[in-house]
Every structure is written in structure tokens, then in C-alpha cells.
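So the structure is just underneath, and the comments pick up after that.
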Amino acid sequence: MSRAFYVTTPIYYVNADPHLGHAYGTSLADTLARYHRLAGEETYFLTGSDEHGEKIAEVAASEGTTPQSVADRYSNAFRETWETIGFSFDQFIRTTDPHHCDVVQTILQRIYDAGQIEFREYEGLYCVGCERFLTERDMEGGKCRDHEREPERQKESNYFFKMSEHFEWLAETLEARPDLIRPERYRNEVLGMLRDESGLGDLCISRPKTRLDWGIELPFDSNYVCYVWFDALINYLTGIGYPDGPNFEKYWASAEHVIGKDILKPHAVFWPCMLRAIGLPPYRHLDVTGFWNVEGRKLSKSLGNAVSPLALKERFGFDALRYFLLRDLAFGSDSDFTEAALVRRINADLANNLGNLVSRTLNMTARYAGGTVPEPGPTGPDEQAIAQLAATTAAQVDESVRRCEPHHALECIFALSDAVNRYLEEQAPWKIAKEQADGWEKRVATTLYTSCQALRSLALLLAPFLPETAPVLLERLGIPDALESARLPDDAARWDALAPGTPTQKGAALFPRIEIEKSN
RNA sequence: GGCGGUGUAGCUCAGUCGGUUAGAGCGGCGGCUUCAUAAGCCGUAGGUCGGCAGUUCGAGUCUGCCCACCGCUACCA
């Protein structure tokens with residue numbers, strides 16, 4: 001029985017166009033999905049859009065249009081961008097899909113029947129300008145910060161999910177499963193939230209329609225709609241056919257959510273508690289990413305420095321961009337996106353190291369071996385060392401990907417490429433070919449054979465990270481179908497899979513070097 | 001304020017259970033080489049491991065205090 005793998009991106013809130021941060025999270029999930037597929041696991045990759053809630057209603061009101069049309073516009077922008085880029089998601093879910101709304105209502109009713117939802121009257125300070133209740137933080141000198149007016153004391157009744165009943169269980173679960181939330185610092189943060197109880201209580205899951213009607217109606221009270229987070233999180237279940245889809249159990253048991261650090265609390269606290277109330281086990285991993293700054297500044301709508309993923313794809317190619325994102329951001333930390341750093345990374349790793357290795361290997365194969373993978377002569381310790389390193393690298397990549405450390409996986413892969421460059425330098429087949437001493441042809445053949453095998457390993461290991469480039473490389477190695485039957489990590493460690501006699505093609509530069517521009 | 005994190009070569013960062021001369025990549029500099037994308041390879045950088053004190057035979061690696069920056073505590077990936 002093959003293993004399963006289920007990965008999700010956050011569902012993107014439809015009040016802005018896709019930017020670098022969205023592209024990063026989706027690239028990570030896409031890479032994980034591709035890796036696990038190549039590892040022979042039944043993989044399901046879900047992304048989508050989160051479309052309910054006040055902010056969308058506000059945007060619609062300000063534009064004089066309907067929330068649905070705002071949601072349609074941005075949801076399409078995300079879906080089309082992701083399709084253009086070529087992400088390998090299996091489904092693009094929308095929280096306004098009728099099926100999703102049905103599932104949300106089913107779950108609400110079930111939790112309600114189980115006594116996990118309570119109707120409570122709430123009295124607080126309501127700001128007419130904000131159209132919401134204020135907390136102390138929203139006020140200064142007794143007035144709303146935004147509107148500088150005194151809020152009114154109002155009563156409102158709402159439904160609350162008795163979330164706090166699950167906190168003890170959640171804390172124990174986090175203690176028992178150190179890799180549930182990773183990197184570890186975010187797990188610690190969540191434990192902190194649970195410990196000091198600052199502000200964390202039961203979760204208000206309703207909004208009266210008099211205030212907000214853009215949401216899913218509560219099945220047990222048509223005067224209310226569901227709080228947007230409660231609705232949104234459930235997409236992760238809807239997407240794989242909850243409650244009775246044939247694959248639901250299989251996928252849910254291997255669920256892995258990729259999120260940004262800004263939405264840690266809903267995913268690390270609300271969601272596990274909700275799942276427990278629903279009667280489901282928690283997800284397997286929550287992978288929390290850091291943020292990208294741009295040229296030293298925070299990514300922000302008001303600064304207008306949001307970087308369009310499509311524009312970057314146009315200029316640099318998506319494989320290169322994605323490589324930079326996954327390589328340069330230590331998983332979990334923040335990092336700075338600069339064009340200078342991007343160009344440096346592309347040139348140093350993709351052009352000089354990998355791309356040039358491909359060029360020189362395939363060029364020499366054409367020149368000294370008639371354009372086919374040569375029949376090797378006897379191998380020595382140098383060849384065995386390369387083969388050994390490929391095997392080690394495959395194992396390291398597997399481990400790193402499973403720990404959600406893409407930067408480390410890539411570091412290992414490029415160390416292999418680096419080692420092959422050095423190996424070539426030591427063997428110097430061009431020199432041997434020139435001197436033509438006894439048996440020179442066999443020696444050159446052995447060297448080129450070894451390099452070609454290494455390129456094959458590199459292409460397989462890179463396939464999840466560079467989905468456009470890896471197939472090109474495999475094609476040049478004369479094995480265009482290699483990915484169809486490949487199994488990572490073991491196949492990347494095989495050293496006999498590229499048969500002598502296989503025709504190779506030199507081709508153009510895989511990643512042309514980018515010359516320094518004075519654009520900024 | 002509270003909780004947490006970070007501070008290691010010019011830049012980005014690794015540094016497991018404390019132990020010989022503190023590492024990598026990039027950049028810079030010098031040399032070699034020409035199969036290759038002016039790419040590659042070799043050598044080099046002498047950094048008080050934020051500061052002070054302590055524990056120890058011995059601390060970047062543990063303890064305390066201090067300084068700086070950052071995150072969370074408030075539904076922007």
C-alpha cells in the first residue's frame with residue numbers, strides 16, 4: 001500500500017492581487033507536492049481562496065459592487081496566476097463554492113448538537129464607524145483610534161465555540177508531538193499563547209446579519225452568518241471530500257498545511273480545537289513560513305512595493321525565482337528580497353555551478369564520445385566517491401524535504417554539482433584527449449560516464465524544485481521519460497540507470513548568466 | 001509590560017551531548033586552466049563568536065546581569 005500525502009497552501013484572502021509572499025508559500029507547497037509524488041506517494045495538493053468576511057464586504061461597498069463580484073475578480077486573479085506559473089495543484093477551492101458552504105453548515109450543526117456551541121449575550125463598546133466592537137487596544141482616551149469618536153455601549157448576542165475546553169488537550173498534544181508545528185519557535189509561541197491565556201478564550205463564531213451578511217448562514221439561526229475563520233479553515237476538509245469522500249481518511253491522516261506566520265493562531269489554536277470538536281485528529285504538520293521583505297522594506301499594500309510573481313517570471317523565469325525563494329529563505333525566518341541577491345543566486349548556483357556543469361559535460365560528451373553516453377572503463381576511487389556522494393545527497397534531500405527544510409535540501413544538491421565540477425577538473429578529460437596516451441579513450445569515457453550519471457541524479461533531485469528545467473536536462477541526457485517512472489530518493493542514487501549509448505544533446509545554456517544591470 | 005527569538009569573517013548564515021589550530025556559500029584578492037555560460041579549479045580573508053561576570057581542567061556551545069535588534073501578545077502569505 002502506497003503512502004499518501006496531502007498538502008495545502010493557505011487559502012488566499014481575496015482583497016488583493018497575488019504577490020511575492022503568496023508565490024513563496026505556494027512554491028513551497030508545490031515543491032513538497034512534487035517531491036512526494038516523485039516519492040511514489042498518492043499526493044493531493046490543495047490551494048484556493050478565502051472569500052467571506054467583513055473586509056470583502058467593505059471593498060464591495062466602497063466600489064459599489066457586490067461581495068461576490070469582488071471575490072470573483074480576485075479569486076480568478078489567484079487561480080489564473082497560479083495556472084500561468086504552472087503550480088501543480090489538484091484543486092483550487094473557493095469558500096463560496098456551494099459544496100463548501102454545505103460542509104460548513106453540516107459541521108456547525110454537528111458541533112452545535114454536540115453542545116460545543118453556546119449562545120451568549122455580549123456587551124461592549126461598539127464603534128459605528130468601524131461597525132464593530134472595540135477592544136481596549138482599539139481605543140485611546142476612550143475614543144476609537146480610527147474614527148476619534150466615542151463608542152456606544154451596546155449589547156449583542158452571539159454564538160461561541162467552546163474552544164477553551166480543548167486547550168489542555170492541545171497543550172499536551174503539542175508537548176507530545178514536537179514536530180506538529182515547525183519550526184520549533186512557532187510551537188513555543190503557541191504553547192505561550194495557551195499558557196498565559198491572554199485574550200484566548202472561547203471563539204465567537206457568528207456575526208449578526210444586521211452587521212454583516214457576507215458569509216455562510218448558521219444552520220440553527222438564520223439571523224447570523226459564520227465567522228470567516230471558522231468557515232475558511234474547513235476548506236482543508238472540504239477539499240478532500242469530507243465527510244464521506246472515498247479518499248478523505250487516507251489524505252487527512254497525512255495532512256500538511258503550509259502557512260505564513262501571520263496566521264499562526266487560527267491554524268495552531270482554532271483549527272486543532274475545531275477538529276477535535278468535529279471528531280478528527282489534528283493535521284500531521286503545520287509548516288510556518290517567515291515573511292519576505294522587499295529591498296529592506298516590509299511588503300505592504302500602502303507602500304506599493306508588492307512584487308508581482310508574473311512580472312518576475314517574465315524577467316527571470318519561474319524556476320530561477322522559485323529557486324531563489326526556496327534557497328535563500330531559511331525556512332521559518334524572515335528574509336529580504338532584492339534583485340541583487342536574486343541575480344547573485346542565479347549566477348552563482350544556477351548558471352555557474354549547475355548550468356555550466358551541464359554545458360561542459362554535454363559538450364565534451366559530444367566532442368569526445370560521439371554524442372552518446374559512453375561505455376565506461378574501470379572505475380576508481382574518484383568515480384566511486386561521486387557515486388557515493390550522489391547516494392548520500394539523495395538521502396539528505398529526502399530527509400530535508402520531509403522536515404520542510406528546502407533551503408537545506410538545495411544546499412546539498414548543489415554540493416553534489418560542485419563536487420562533479422571539481423571531479424572534472426581533477427580528471428581533466430580535455431587534457432587526456434589532447435595528449436592521447438595509451439587507453440586515453442577509456443579514461444575519458446569513464447569520466448564522462450560518471451558526469452552524465454551525476455547529471456541524471458541531479459536532474460531527478462532537482463525536479464521538485466525546478467519543474468521546468470529538470471525535464472529539459474533529462475531530455476538532453478536522452479531519457480525524457482525518466483520522471484514518469486522515477487522514485488525518489490532511491491532512483492537518484494542509482495548509478496546504472498543511464499545506459500551507455502544513450503544519445504545526448506548539448507543544447508543551449510540552461511540558465512544564462514544574468515549580466516549586472518544598473519536598473520536600481 | 002509579558003512571552004519568545006536573534007546578535008559568529010565585508011554580506012547571508014552553519015555550528016550537534018561544552019573539548020585539539022571557530023566553519024560554509026557569496027563577494028574581494030592572487031594564481032592555474034581552457035572542456036564550459038569571461039564559467040571552472042587552487043590558495044587567501046587572520047573574525048576579542050554583542051558586552052561583562054561566573055561555573056568548569058576547558059565555553060561560540062551552560063548560568064546571571066547588561067546592550068542592540070526583532071517577533072508575538074491585535075483576523076494582512
Side-chain angles (χ1 to χ4, degrees), chain A residues 9-13 15-16 18-29 50 53-55 135-138 183-193 195-200 203 227-230 232 258-266 270 288-292 298-302 306 327-330 332-336 340-341 344-345 347-368 407-408 411 414-415 418 420-434 444 447-448 451 506 508-515:
Chain A
T9 69
I11 44 172
Y12 298 109
Y13 202 60
N15 62 348
H19 62 232
L20 190 71
H22 302 117
Y24 169 68
T26 310
S27 295
L28 175 58
D50 178 12
E54 291 178 36
K55 288 181 186 169
T135 65
E136 302 225 345
R137 291 188 182 82
D138 298 319
E184 197 173 9
R185 92 183 65 131
Y186 293 110
R187 165 179 175 258
N188 294 338
E189 217 164 89
V190 174
L191 283 169
M193 289 179 204
R195 205 180 305 122
D196 66 13
E197 311 220 356
S198 58
L200 263 186
L203 183 66
Y227 169 51
V228 61
W229 265 115
F230 197 91
V258 173
I259 64 164
K261 64 179 184 179
D262 53 308
I263 50 174
L264 178 64
K265 195 184 195 176
F270 302 176
V288 188
T289 72
F291 279 1
W292 279 100
K298 286 177 79 168
L299 203 49
S300 110
K301 281 169 219 157
S302 49
R327 177 65 185 82
D328 252 44
L329 186 85
S333 334
D334 287 1
S335 194
D336 195 29
R344 225 179 296 133
R345 207 35 116 171
N347 284 346
D349 294 355
L350 297 179
N352 297 353
N353 189 334
L354 175 70
N356 186 51
L357 174 65
V358 171
S359 289
R360 62 199 307 210
T361 298
L362 294 180
N363 185 61
M364 285 192 281
T365 302
R367 192 191 288 209
Y368 305 128
H407 61 294
H408 190 243
E411 196 181 341
F414 279 79
D418 207 46
V420 181
N421 269 321
R422 241 174 296 130
Y423 165 78
L424 280 178
E425 210 65 37
E426 286 159 13
Q427 305 305 317
W430 54 90
K431 208 174 194 171
I432 293 172
K434 189 180 281 178
V444 169
T447 301
L448 294 179
S451 299
K506 187 178 177 238
L510 228 42
F511 293 98
R513 208 183 142 76
I514 297 169
E515 295 310 324

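Protein chains get the first letters and strands the later ones, always in sequence-line order, with residue 1 at the start of each.
- Residues A:Lys55 and A:Asn15 approach most closely at CD-ND2, 4.0 Å, considering heavy atoms.
- Of the C1' atoms belonging to B:G23 and B:U44, the separation is 16 Å, rounded to the nearest Å.
- Across all non-hydrogen atoms, the minimal contact from A:Glu54 to A:Tyr13 is N-OH, 4.2 Å.
- Taking the side-chain hydrogen bond (donor to acceptor under 3.5 Å, both in side chains) definition, one finds that A:Asn352 meets it with A:Arg513, sequence neighbours left out.
- A:Tyr186 has its OH atom 11 Å from the P atom of B:U73, to the nearest Å.
- B:G51 and B:A59: their P atoms are spaced 15 Å apart (whole Å).
- Listed by chain and number, the residues in a side-chain contact (heavy atoms from CB on, under 4.5 Å) with A:Ile263 are A:Pro10, A:Trp229, A:Ile259, A:His267 (sequence neighbours excluded).
- With both ends at atom P, the span from B:A53 to B:C13 equals 29 Å, rounded to whole Å.
- Stretches of at least 3 consecutive Watson-Crick or G-U wobble pairs, with each checked distance under 3.5 Å, appear in RNA chain B as B:1-7 with B:67-73, B:10-13 with B:23-26, B:28-32 with B:40-44, B:50-54 with B:62-66.
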Under 3.5 Å, N/O pairs linking protein and nucleotides 34-41 of chain B:
{"from": "B:C35", "atom 1": "O3'", "to": "A:Asn363", "atom 2": "ND2", "distance (Å)": "3.0"}
{"from": "B:C35", "atom 1": "O3'", "to": "A:Arg367", "atom 2": "NH2", "distance (Å)": "3.2"}
{"from": "B:C35", "atom 1": "O2'", "to": "A:Asn363", "atom 2": "ND2", "distance (Å)": "2.9"}
{"from": "B:C35", "atom 1": "O2", "to": "A:Arg360", "atom 2": "NE", "distance (Å)": "3.1"}
{"from": "B:C35", "atom 1": "N3", "to": "A:Arg360", "atom 2": "NE", "distance (Å)": "3.3"}
{"from": "B:C35", "atom 1": "N3", "to": "A:Arg360", "atom 2": "NH2", "distance (Å)": "2.6"}
{"from": "B:C35", "atom 1": "N4", "to": "A:Arg360", "atom 2": "NH2", "distance (Å)": "3.1"}
{"from": "B:A36", "atom 1": "OP1", "to": "A:Asn363", "atom 2": "ND2", "distance (Å)": "3.4"}
{"from": "B:A36", "atom 1": "OP1", "to": "A:Arg367", "atom 2": "NH2", "distance (Å)": "3.2"}
{"from": "B:A36", "atom 1": "O2'", "to": "A:Asn356", "atom 2": "OD1", "distance (Å)": "2.5"}
{"from": "B:A36", "atom 1": "N3", "to": "A:Asn356", "atom 2": "ND2", "distance (Å)": "3.1"}
{"from": "B:A36", "atom 1": "N3", "to": "A:Arg360", "atom 2": "NE", "distance (Å)": "3.3"}
{"from": "B:U37", "atom 1": "O2", "to": "A:Phe511", "atom 2": "O", "distance (Å)": "3.3"}
{"from": "B:U37", "atom 1": "O2", "to": "A:Arg513", "atom 2": "N", "distance (Å)": "3.1"}
{"from": "B:U37", "atom 1": "N3", "to": "A:Phe511", "atom 2": "O", "distance (Å)": "2.8"}
{"from": "B:U37", "atom 1": "O4", "to": "A:Gly355", "atom 2": "O", "distance (Å)": "3.1"}
{"from": "B:U37", "atom 1": "O4", "to": "A:Leu510", "atom 2": "N", "distance (Å)": "3.3"}
{"from": "B:U37", "atom 1": "O4", "to": "A:Phe511", "atom 2": "N", "distance (Å)": "3.4"}
{"from": "B:A39", "atom 1": "OP1", "to": "A:Arg513", "atom 2": "NE", "distance (Å)": "2.8"}
{"from": "B:A39", "atom 1": "OP1", "to": "A:Arg513", "atom 2": "NH2", "distance (Å)": "3.1"}
{"from": "B:A39", "atom 1": "O5'", "to": "A:Arg513", "atom 2": "NH1", "distance (Å)": "3.4"}
{"from": "B:A39", "atom 1": "O2'", "to": "A:Asn352", "atom 2": "O", "distance (Å)": "3.2"}
{"from": "B:A39", "atom 1": "O2'", "to": "A:Asn356", "atom 2": "ND2", "distance (Å)": "2.9"}
{"from": "B:G40", "atom 1": "O2'", "to": "A:Arg360", "atom 2": "NH1", "distance (Å)": "3.1"}
{"from": "B:G40", "atom 1": "O2'", "to": "A:Glu425", "atom 2": "OE1", "distance (Å)": "2.7"}

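- When each of A:Lys55 and A:Asn188 is assigned the nucleotide of RNA chain B with its nearest heavy atom, A:Asn188 is the one assigned upstream, toward the 5' end.
- Both thresholds, 5.5 Å between centres and 30° between ring planes, are met by A:Phe291 relative to the base of B:A77, so the two rings are stacked.
- Within the nucleic acid shown, A:Arg185 has no heavy atom closer than 4.0 Å to any nucleic acid atom.
- Here A:Phe230 pairs with nothing under the ring-ring contact (aromatic ring centres under 6.0 Å, His included) rule; sequence neighbours left out.
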- request: Please report the C-alpha distance between A:Met364 and A:Thr447 in whole Å, then the side-chain angles of each, then the deciding distance to 0.1 Å, and finally whether the side-chain contact (heavy atoms from CB on, under 4.5 Å) criterion is met.
  value: CA-CA 10 Å; A:Met364 285 192 281; A:Thr447 301; over 6 Å; no
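- Under a 3.5 Å cut-off, the side chain of A:Asp334 and the backbone N or O of A:Gly290 do not form any donor-acceptor pair.
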Using atom types as modelled, flag every donor-acceptor pair under 3.5 Å from a side chain in residues 423-432 of chain A to any protein atom, sequence neighbours excluded.
{"from": "A:Tyr423", "atom 1": "OH", "to": "A:Glu383", "atom 2": "OE2", "distance (Å)": "2.6"}
{"from": "A:Glu425", "atom 1": "OE1", "to": "A:Arg360", "atom 2": "NH2", "distance (Å)": "3.1"}
{"from": "A:Gln427", "atom 1": "NE2", "to": "A:Asp382", "atom 2": "OD2", "distance (Å)": "2.9"}

